[in-house]
Amino acid sequence: MLRGGLALKITVHRGTEQIGGCVTEIATDQTRIILDFGTELPDATGQTPPNTLLIDGVNFGKPACDAVLFSHYHADHTGLLDTILPGIPIIMGTVSKDILLALYRLVRKDSVSKVEEAIAVPALKPFTIGDLQITRIPVDHSAYDAAMFLVNNGEQKVLFTGDFRFHGFRGKASDTIVQKYVGGVDVLITEGTLLSRLNVPVLSEFDIQELIKAVVKKYKYVFALCSSTNVDRLGIFHNNTPPKRYFVCDRYQKEIFDIIADASPSDYYKFRKALTYGSNLDLRLKQKGFVMLVRKGSMLKEFMRQYENDNQAVLIYSMWNGYLDGRDQELSRLVKPFQESGRFEMLHTSGHAPLDDILKLISWTNPKTIIPVHTEAGEVLAKGNMRENVVLLDDGESFLV
Ligand SMILES: [Zn+2]
Ligand SMILES: [Zn+2]
């Protein structure tokens with residue numbers, strides 16, 4: 001089914017009724033691009049559902065697509081990368097490519113060459129695919145190097161947000177960046193993750209920093225369960241480790257730190273204290289204390305077990321609390337002893353924009369059409385002042401601009 005006018009065809013293949021696994025297509029008579037190509041979010045047991053999304057010319061049939069572009073490295077945006085048909089250009093940010101390479105070398109070795117193929121493009125430098133001009137607009141998110149895409153066919157401008165927020169460390173600059181590099185648009189395709197969680201208060205990353213600082217002060221041995229690529233949060237743990245205490249991680253995490261330190265001009269992201277764990281450090285760690293990053297898949301979880309009953313040890317859980325519902329047994333085993341002892345803190349905030357911030361972006365870009373994606377509640381936008389501009393598509397449905 002088609003709705004609307006002329007020239008640009010926008011199709012949301014997936015994401016009109018779910019968070020994660022979003023795939024959006026923009027096409028003209030001459031050009032066809034795909035924005036994000038992700039797997040669905042893991043189920044309650046931590047497993048990613050098998051892929052059922054086949055798009056003719058993209059991951060099925062003969063190649064008929066000019067490029068697949070990735071807004072950031074999270075798997076719900078990149079997870080289907082290895083199914084893209086040969087010969088179709090893959091495009092992403094420079095740092096996103098480096099991080100994805102490190103991640104794939106660890107967990108998806110068979111697909112490393114597909115990531116190596118990707119063309120890395122810097123932010124804010126327009127590039128051309130067919131008759132479309134595209135610019136990566138850097139944006140605050142729980143992934144470093146995340147970007148929106150501004151797509152321009154010479155007549156109409158479409159802003160595709162990917163995942164974004166304004167309440168992180170880099171959020172304050174968004175206003176200026178959007179006004180300067182985006183301005184008014186015809187169509188805004190916006191994520192709406194938090195539209196289904198309207199009553200949950202959203203703390204800023206600065207608030208989280210204060211809370212983490214207090215816990216680190218109170219305990220000598222601090223374990224942190226945190227995504228290995230949530231760079232701002234990792235920065236909080238690193239930069240608030242007291243001078244005489246160790247900041248320890250595994251080799252893979254150190255590789256991520258080195259990528260970020262090379263890429264970022266900011267001192268906040270240099271991770272100079274980061275030490276790769278080795279058992280030769282055990283005695284010194286015990287004596288001086290530490291902040292240690294652990295993950296489900298990390299060998300450091302074995303080290304953590306030795307401190308389960310130590311009154312000076314705490315576990316800070318710094319990820320989405322939905323993973324803790326008990327069905328992910330490996331995770332449950334890891335956190336349970338700390339939960340039971342009461343030496344357990346959940347300190348986290350979302351990587352996504354609450355309704356007020358989506359409305360802010362709408363006011364800055366003044367779109368004629370708003371298409372919610374990456375959401376379970378797009379209709380919330382359709383109830384606001386902008387209701388006449390909101391188009392609620394079904395998966396697979398197209399809108400003509
Ligand atoms: Zn996402
Ligand atoms: Zn994301």
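Counting starts at 1 for both ligands and their atoms, in listed order.
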In D163, the N/O/S atom nearest the Zn ion (ligand 1) carries the name OD2

Check: Just wondering, is there an N, O or S atom on H352 that's nearer than 2.8 Å to the Zn ion (ligand 2)?
Finding: no

Test side chain to side chain contact (heavy atoms under 4.5 Å, CB included), reference V216, set L211, V291, I236, output is V291

Hey, does the Lys NZ or Arg CZ of K220 hover above the aromatic six-ring of F290, less than 6.0 Å from the centre and inside 45° of the axis? no

Open item on the list: Would you say Q179 and D175 are linked by a side-chain donor-acceptor pair, where the criterion is simply a distance under 3.5 Å?
Closed with: yes

Over 12 foreign heavy atoms within 6.0 Å of CD, E302: yes

Of all N, O or S atoms in H374, the one closest to the Zn ion (ligand 1) is NE2

Checking distances from the Zn ion (ligand 2), one finds that the N, O or S atom of H74 closest to it is ND1

N/O/S from H72 sitting under 2.8 Å away from the Zn ion (ligand 1) | no

When you look at NZ of K336, are more than 12 heavy atoms from neighbouring residues, nucleotides or ligands closer to it than 6.0 Å?
no

Looking at D76, the N, O or S atom sitting nearest the Zn ion (ligand 1) is OD2

